[in-house]
Amino acid sequence: MKIATWNVNSIKVRLGAVTDWLREAEPDVLLMQETKTVDEAFPHLEFESLGYKCHVHGQKSYNGVAIVSREPVTDVRIGLPGDDGDDHARYMEAVVRGVRVICLYLPNGNPVPGPKFDYKLGWMDRLIARARELLDREEPFLMGGDYNVCPKEEDVYDPAAFANDALCQPESRARFRTLLNMGLTDALRVFVPAGAAYTYWDYTGGAWHKDHGLRIDHFLLSPQVADRLVACEVDRGPRGRERASDHTPVWCRLDLGG
DNA sequence: ATGGTTGTGTTACAA
């Protein structure tokens with residue numbers, strides 16, 4: 001089973017780019033972030049004509065996540081538990097072929113310090129709590145999405161320039177590391193153990209052409225799913241095209257047998 | 001050089 005994640009930065013603007021990529025890469029499941037569209041306006045038909053069914057959790061103007069699958073999906077859950085007052089559309093789950101697939105758009109958190117950074121850290125604490133629950137139940141799961149965290153200095157083109165950025169703060173990195181220390185696997189680092197493997201390039205200053213990127217889109221796998229991991233790659237192709245998202249897709253392949 | 005660009009939805013905010 002091939003699963004991809006992509007922060008599309010508006011599904012309305014990116015619909016052509018996304019359907020083009022689905023045709024060429026043929027993932028079984030695509031996790032999208034920053035769809036920026038209410039559920040009523042989501043372009044279901046365009047995906048259905050390619051054989052995919054969409055499960056969406058959107059809001060007006062900001063955020064928004066979606067799980068798009070050509071495999072049957074059960075047990076769709078909306079929202080990250082732990083704060084009933086959180087109205088950002090940033091998190092959803094679905095079970096596909098026995099794997100609980102989580103699609104997340106972690107808060108950016110800038111500027112530091114401030115309420116947005118506090119929200120980010122609280123959100124990460126809730127994500128850790130959810131991961132702990134699923135590990136305790138020994139439920140196979142995969143968490144993919146835009147984490148808005150550069151785990152290490154090697155994940156930033158210019159660490160000094162990002163020293164004060166929420167994506168690189170010790171508190172953000174410590175929480176990401178907690179997820180790893182709980183036994184989750186950073187799927188890309190199984191195949192690209194070190195060095196630059198960027199997934200995002202800012203729109204400003206010719207960042208793409210200078211390869212001034214960040215690695216902030218990740219797949220974290222529970223132990224049972226990590227045992228099934230056979231590939232994980234960043235596909236830089238879509239970032240270089242016309243009217244691109246500032247993120248490019250990352251995909252992984254699980255050998256689930258059958 | 002305290003800049004730059006894109007998207008949403010109206011001229012400010014988020015990233």
Side-chain angles (χ1 to χ4, degrees), chain A residues 5-21 30-43 46 56-66 80 83 85-91 103-124 127 144-151 155-169 171-173 175-176 198-218 234 236-250:
Chain A
T5 182
W6 193 2
N7 178 324
V8 297
N9 187 17
S10 172
I11 189 56
K12 287 175 189 162
V13 172
R14 223 66 67 201
L15 184 58
V18 172
T19 53
D20 283 351
W21 191 75
L30 172 62
L31 314 178
M32 288 190 285
Q33 302 85 38
E34 283 208 271
T35 51
K36 297 187 172 179
T37 300
V38 294
D39 294 351
E40 297 71 36
F42 193 92
E46 287 80 352
V56 301
H57 174 37
Q59 69 179 82
K60 191 180 175 187
S61 307
Y62 303 114
N63 309 316
V65 288
L80 177 61
D83 180 0
D86 184 357
D87 59 355
H88 291 204
R90 295 182 176 275
Y91 182 95
C103 176
L104 65 90
Y105 175 45
L106 210 146
N108 174 294
N110 279 305
V112 179
K116 290 186 177 180
F117 189 55
D118 296 340
Y119 172 61
K120 175 178 200 160
L121 298 182
W123 206 96
M124 294 189 82
L127 183 64
D146 177 359
Y147 282 71
N148 269 314
V149 176
C150 301
D155 298 310
V156 192
Y157 73 94
D158 183 355
F162 279 79
N164 298 314
D165 195 285
L167 280 55
C168 300
Q169 291 309 293
E171 297 91 334
S172 315
R173 286 179 169 162
R175 283 164 175 78
F176 188 88
Y198 305 140
T199 65
Y200 162 90
W201 297 259
D202 198 276
Y203 283 125
T204 64
W208 166 247
H209 292 286
K210 299 174 189 165
D211 199 22
H212 287 179
L214 308 173
R215 187 173 79 98
I216 54 178
D217 300 273
H218 311 293
V234 179
R236 294 166 63 105
R239 184 62 182 85
R241 295 173 193 165
E242 288 298 311
R243 212 120 133 97
S245 168
D246 40 6
H247 296 249
T248 212
V250 185

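In the text below, chain A, chain B and the rest are named by the order of the sequence lines, each starting its count at 1.
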Which value, in whole Å, describes the distance between the [atom1] atoms of nucleotides [N] and [M]?
N	M	atom1	result
B/dT5	B/dT10	P	24 Å
B/dG4	B/dA14	C1'	16 Å
B/dA15	B/dG9	C1'	16 Å
B/dG3	B/dC13	P	15 Å
B/dT6	B/dA1	P	25 Å
B/dT2	B/dT8	P	29 Å

Apply side-chain contact (heavy atoms from CB on, under 4.5 Å) to [X] and list each qualifying residue two or more places apart in sequence or on a separate chain.
X	value
A/Ala89	A/His57, A/Gln59
A/Asp165	A/Asn110, A/Phe162, A/Leu167
A/Lys60	A/Val38

List, with names and distances, any nitrogen or oxygen atoms from the protein found under 3.5 Å away from nitrogen or oxygen atoms belonging to nucleotides 10-15 of chain B.
unit_1, atom_1, unit_2, atom_2, d
B/dA14, OP2, A/Lys116, NZ, 3.1
B/dA14, O5', A/Lys116, NZ, 3.1
B/dA15, OP1, A/Arg90, NH2, 3.4

How long is the straight-line distance from [atom2] of [Y] back to [atom1] of [X], given to the nearest 0.5 Å?
X	Y	atom1	atom2	answer
A/Asn9	A/Asp246	CG	CG	5.0 Å
A/Leu106	A/Arg90	CG	CZ	7.5 Å
A/Cys103	A/Gln33	SG	CD	4.5 Å

- prompt: Where along residues 8-21 of chain A does a heavy atom fall under 4.0 Å from DNA chain B?
  reply: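 Listed by number, they are A/Asn9, A/Ser10, A/Val13, A/Arg14.
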field: More than 12 heavy atoms from other groups under 6.0 Å of CG on A/Asn164
entry: no
- prompt: So, A/Asp86 and A/Tyr91: side-chain donor and acceptor under 3.5 Å apart, yes or no?
  reply: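 On atom types as modelled, these side chains do not qualify, holding no pair under 3.5 Å.
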- prompt: Can you tell me how far C1' of B/dG4 sits from OH of A/Tyr157, to the nearest Å?
  reply: 11 Å
query: When the distance from NE2 of A/His212 to P of B/dT5 is rounded to whole Å, what number comes out?
result: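 It is 16 Å, rounded to the nearest whole Å.
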query: Got a sec, which residues hit ring pair (Phe, Tyr, Trp, His ring centres under 6.0 Å) with A/Tyr198, two or more places apart in sequence or on another chain?
result: none
